[in-house]
Asks: 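Dropping a structure here in structure tokens format, bear with me for questions.
Every heavy atom of this structure was used, including side-chain atoms; hydrogens, water molecules and symmetry mates were not. Predicted model only: the values in this text are computed from it and were never measured. Labels below follow one simple rule: chain letters A, B, ... track the order of the sequence lines, proteins then strands, and each chain is numbered from 1.
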Protein chains: 2
Amino acid sequence: MHLGIDLDQGPLWLIEIKLLKIRANPKAGHLMTSLAACAGPEASSCQHGRSANGCDDCKVRLFSVCGALASSELDELDRISQVRTFAPKATLFEQDALAGSVFNVTEGVVRLCKSLPDGRRQIVGFALAGDFLGLALMDRYSVAAEAVTEVRACRFTRSAFLAYVDDRPHLLRRLHEFAGHELSLAQDQMLLLGRKTAEEKVAAFLLNLQARYGRIGTTSVNVPLPMSRQDIADYLGLAIETVSRTLTKLVRKKALVIVPDGVRLLSVTALEQLAA
Amino acid sequence: MHLGIDLDQGPLWLIEIKLLKIRANPKAGHLMTSLAACAGPEASSCQHGRSANGCDDCKVRLFSVCGALASSELDELDRISQVRTFAPKATLFEQDALAGSVFNVTEGVVRLCKSLPDGRRQIVGFALAGDFLGLALMDRYSVAAEAVTEVRACRFTRSAFLAYVDDRPHLLRRLHEFAGHELSLAQDQMLLLGRKTAEEKVAAFLLNLQARYGRIGTTSVNVPLPMSRQDIADYLGLAIETVSRTLTKLVRKKALVIVPDGVRLLSVTALEQLAA
DNA sequence: CGAACCGTTGATAGTATTCAAACCTTGTGG
DNA sequence: CCACAAGGTTTGAATACTATCAACGGTTCG
């Protein structure tokens, strides 16, 4: 066995699994959550968000809305943007509040929540690196956005961003493409919420997350779960206990193992069948 | 009591309700389904869709995406569009098919469905007059569209429409606004599907539909339900029996009465409380 | 060390589904 | 005109899946 080389195979975890319940190597846990945003094996040198050079060497640009912009246009985008960081549980914006800003997530995970007066909560999505918040450009936020992990994001005032977009139809076009994609994901989620069983929901959730990580970084059978079980439950329309029970059921079926801060998928094909 | 004058109060139904189970006047039923698209009392002279004059006197233009266009632009829109009608249960397009066309519904009701391999179905939305199908402008349809009632729609080939849009950023802007609204509705629906009880789902559905009818025609406590109970069930993530039972429960609570082809809301405030 | 939080597991309850049958409406054909 | 078939709706009884309530184990942090 080769140690510390193949990130994708997560050897540190393998060791932990075999040693049974030995305290997790904290570095391993960190590596897993980092996977969401980092591509390639040199995780230590991974720097997301804008550096001193601004958007030019932004790691998320190519798969984000900014990918529609020419290098010359990025300079002005730089000028109207500011990098902001949010601690876990911090609020980026609240449901129904006036939309003063829009954000482009460059690092970390954000949950998008809707709540009922009595406290019931539905998470309508998780935003990862490259995702744009406030895509609809509406004057009020329809959801709340809360940092799950430490989050880094480019912030624009909505008015400045609108002015910027108005001069650039190709960017609007790109925004619209992203909105269309979001809408399609929302429809998939409606199918999941309305018609799938708990097991199908959890399996589909894990596969989905894996695919999303793959699009922004390394494809791996290690799927970090930076969000809490309660978050997952509120995303899938389940009770927290049902999420927990279903995960252990999937473990018994040998479809996955639970590792610190996430899961390792043992049989993607089994999960795909379970996900319906 | 005044007969045949006040459409909004639906006097014909009142009579029927009081006579208890007397066979419904077929005209009354027809009036109700027409309410979805007709504003004002002269339902008989109501003509939706493009007439010989094209888009200019289209009844849905002002609250549809076309509302962003100047009169001069409508001429060219006319040229690339064709009016099409669909019989109930006809398919406008199928899930995952190449998106060859986009549609603007001018009359009738369309259901947007997603299905699982085993037949389970989720309706992700009902399109009414003024709604645009294919808003996302993606190259494949993410849902199937099926006529619930007789449907009239303006059809555009996707390529022609894309070319038309490319020359008109203000139309793209309007399309994006509509997409943002759709996304917001989808998020509301996720909250409903994931976190609401059967009673809350049904109450919210009826109030929502009433509000939508109000936006495109006459606000009325009469809410036509042209779709089947199965359709409602598949929209709300319930079994057909649960929808039926919940409706009769709402009748027992005196929140509404069931009339041919729809319901009449007796207490909107009661329903609003039940909808959470 | 204890409090707080998160996750897991067990027992129980409840809501919605499933299965089944009856009812109603509509359309067809004798 | 009535009988009958077909499709949709409603109602009833039993089941099942998931939620709720409760307790416990593990980790973190002061």
Asks: Report the distance from atom CZ of A:Arg120 to atom P of D:dT18, rounded to the nearest whole Å.
Replies: 19 Å
Asks: Apply the test side-chain hydrogen bond (donor to acceptor under 3.5 Å, both in side chains) to residues B:Gln187 and A:Ser142: give CA-CA distance (whole Å), side-chain angles for both, the deciding distance (0.1 Å), then the verdict.
Replies: CA-CA 8 Å; B:Gln187 291 165 343; A:Ser142 57; 2.8 Å; yes
Asks: Which letters describe nucleotides 4-17 of chain C, given B = protein heavy atom under 4.0 Å from base, S = only from sugar-phosphate, - = neither?
Replies: --SSBBBB----SB
Asks: What is the minimum heavy-atom distance between B:Lys196 and B:Ala275, and which atoms define it?
Replies: NZ-O, 3.5 Å
Asks: How long is the line joining CG of A:Leu236 and P of D:dT18, in whole Å?
Replies: 12 Å
Asks: Got a sec, which residues hit side chain to side chain contact (heavy atoms under 4.5 Å, CB included) with B:Ala145, two or more places apart in sequence or on another chain?
Replies: B:Leu92, B:Phe93, B:Val110, B:Leu112, B:Leu133
Asks: Output yes when A:Glu199 and A:Lys253 qualify as a salt bridge under the 4.0 Å nitrogen-oxygen rule, no when they do not.
Replies: yes
Asks: Taking all non-hydrogen atoms of both residues into account, name the closest pair between A:Ile216 and A:Ala129 and its distance.
Replies: CG2-O, 3.7 Å
Asks: Using the rule salt bridge (Lys or Arg N to Asp or Glu O under 4.0 Å), only one of A:Lys201, A:Arg229, A:Arg121 pairs with A:Asp234; which is it?
Replies: A:Arg121
Asks: Per the end-axis method with five pairs at each terminus, what is the bend angle of the helix from C:dC1-D:dG30 to C:dG30-D:dC1, to 10°?
Replies: 20°
Asks: Of all the heavy-atom pairs spanning A:Thr149 and A:Pro226, show the shortest one and how long it is.
Replies: CG2-CB, 3.4 Å
Asks: Give me the atom names and distance for the closest heavy-atom approach of B:Tyr235 to B:Leu193.
Replies: O-CD2, 3.7 Å
Asks: Distance check needed: D:dT27 P versus A:Asp261 CG, whole Å only.
Replies: 12 Å
